[in-house]
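Just below is one structure, and these are the notes that go with it.
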Amino acid sequence: MSAKPLPGFRDFYPAELAERAHVMRVWREVARRYGFVEYDGPPLEPLDLYTRKSGDEIVGQLYNFVDKGDRPVALRPEMTPTFARMVAARANALRKPVRWFSMPQLFRYERQQKGRLREHFQLNVDMVGEADVTADAELLAVAIDMLRGLGLTQHDVRARVSDRRLLAALLARVGVTEAQLPAAYQAIDKVERDPRTVLVERLAGAGVGGDVAERLLDLARLWSVDELRATHGDDAAVSEALDRFARYQAHLTALGVHEWVVLDLTIVRGLAYYTGIVFELFDARGEFRAICGGGRYDTLLKALGDVDLPALGFGMGDVVLGELLRARGLMPSLAPTLDYWLAVEDAELLPVAQSTASLLRRLGHAVEYPLREQALNKQLKAAVNAGAREAVILRREALAGRGEVLVRALSDGQESAHQLGAWLEARIAEAGGAHGVSPA
RNA sequence: GUGGCUAUAGCUCAAUCGGUUAGAGCACCGGUCUGUGGCACCGGGGGUUGCGGGUUCAAGUCCCGUUAGCCACCCCA
């Protein structure tokens with residue numbers, strides 16, 4: 001009872017680690033298919049890497065301390081600054097577009113609740129060096145394919161997509177000034193959560209007039225390029241943004257992921273550095289927090305260093321995704337791990353079992369045998385509990401007389417007798433004979 | 001950082017109005033079983049009732065504090 005992990009931190013027992021490994025395996029595999037390569041950075045960074053652009057208020061959300069060399073440091077709360085530093089340092093040498101991914105463990109000192117801990121593993125997928133919406137489409141496609149790879153469908157997950165440039169043009173059209181943009185973004189972002197009267201009031205506080213506020217909030221009701229073109233398409237800036245968005249949608253269609261995607265102007269993303277297309281992935285029933293979020297941040301690399309390259313990326317955490325997969329019955333349980341269980345009739349046969357196990361293990365099989373004297377039925381029970389595929393039963397009489405062992409398939413109880421030597425030769429042949437081993 | 005709810009075995013839960021040695025199922029270990037697995041039966045280990053105070057003849061139960069968890073806010077991932 002007393003020995004528990006810190007609040008918001010998790011122990012990964014084998015069953016839970018198997019789940020994490022499953023998710024990470026799919027992340028890696030799908031990233032590979034899209035040509036992304038894996039990188040990593042330090043889990044501990046200088047504090048100012050995070051305060052430089054975000055200001056000091058972020059410190060309240062960080063796991064930070066002063067190390068023994070008097071350096072202010074923090075456990076990384078996000079990967080983007082590290083990524084930006086690494087790319088900037090070798091910007092000229094990297095082949096463009098850069099396609100990198102990472103799955104860092106990130107830390108935030110925050111009150112934990114459902115879907116939010118103080119630590120999580122977050123897949124980060126980023127591209128640098130391509131400004132066209134082809135890259136935006138590629139990025140969303142890889143995110144969707146990862147969910148597909150985990151067994152989810154377009155009925156389970158909705159990708160809600162917007163474009164900051166489109167939204168900015170629409171807001172300008174309805175009368176929002178440059179200075180009022182942040183307040184307008186925030187109001188749009190909150191349309192689903194807060195009552196309209198509250199939003200109008202808040203906008204008024206930011207100097208946005210009542211009629212402008214009403215027209216601004218009405219924008220969130222428009223759900224398609226066609227609707228937007230019909231109502232606001234006569235504005236040149238809006239029209240240009242709509243053309244770009246339509247091309248983006250065409251790319252998504254060609255990539256086979258359009259059925260997952262809807263235009264949704266209320267997707268703004270909290271982070272100020274997004275400059276173009278932004279998206280969030282939600283479960284379709286709305287039971288969970290966002291599974292994934294990202295977008296284009298063309299000016300961030302320049303702001304953090306002096307490399308001026310367009311960039312875009314997303315993050316996908318293991319916590320909410322895991323909750324969704326479990327709720328939909330898509331999280332595989334701990335798979336049986338053993339290929340063979342070598343059962344012995346009595347302890348004198350143990351050396352035979354051990355040398356047999358040694359050979360099978362060199363061939364790459366997972367093998368166990370009883371570590372103490374146990375009745376045969378206990379051993380078979382143990383074999384089943386260990387998740388073994390087959391039991392190899394060594395009995396004194398059969399082994400001494402005919403050199404035979406019994407191989408029993410534990411799934412259906414099918415049993416057959418084999419010469420031990422011949423059976424092992426068959427295992428070696430099966431393994432391709434490439435391991436350079438011969439029967440002991 | 002703010003508010004609401006909750007806390008009994010590894011897990012899910014029970015324990016009458018406050019009543020005397022806190023129970024059950026699952027899981028784990030052993031036995032029946034010189035013997036070929038998931039069954040059955042029997043047995044075993046495992047609890048300072050989150051922690052600390054208080055009220056009472058008596059507290060798992062009522063009160064206060066504290067810690068943790070859940071939910072929401074804030075904020076974001």
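Below, read A as the first sequence line, B as the second, and so on, with proteins coming before strands; counting in each chain starts at 1. Because the structure is predicted, anything quoted here is derived from the model rather than measured.
Ranked by how close their nearest RNA chain B nucleotide is to the 5' end, Ala375(A) and Val319(A) are led by Ala375(A).
A donor-acceptor contact under 3.5 Å is formed by the side chain of Arg116(A) with the base of rC75(B). Counting atom types as modelled, Arg111(A) pairs no side-chain N or O with a base atom of rG1(B) as donor and acceptor under 3.5 Å.
With a 6.0 Å cutoff to the six-membered ring centre and a 45° limit on the axis angle, Arg427(A) counts as a cation-pi contact of Trp423(A).
Look at Lys381(A) and you won't find any side-chain N or O under 4.0 angstrom from OP1 or OP2 of rG35(B). At rC70(B), one or more side-chain N or O atoms of Gln112(A) fall inside 4.0 Å of OP1 or OP2 (strictly under the cut-off). Considering only side-chain N and O atoms, Arg10(A) lies nowhere under 4.0 angstrom from the phosphate OP1 or OP2 of rG69(B).
Surrounding CD of Glu373(A) are at most 12 heavy atoms belonging to other residues, nucleotides or ligands under 6.0 Å away.
Ring planes of Phe83(A) and Trp100(A): perpendicular class, angle over 60° (limits at 30 and 60°).
Side-chain proximity of Asn377(A) to the nucleotides rA77(B), rG69(B), rG37(B) is greatest for rG37(B).
Note: CZ (Arg289(A)) to C1' (rA72(B)) measures 9 Å, nearest angstrom. Computed from coordinates, the Gln374(A) CD to rU34(B) P distance equals 12 Å when rounded to whole Å. Rounded to an integer number of Å, the gap from CD of Glu110(A) to C1' of rC76(B) is 6 Å. For Leu410(A) and rG37(B), the CG to P distance is 11 Å, given to the nearest whole Å.
In summary, the aromatic rings of Phe245(A) and Phe279(A) are positioned with their centroids too far apart to meet the 6.0 Å limit.
In this structure, rU16(B) forms no base pair with any nucleotide, since neither Watson-Crick nor G-U wobble geometry is met with both distances under 3.5 Å.
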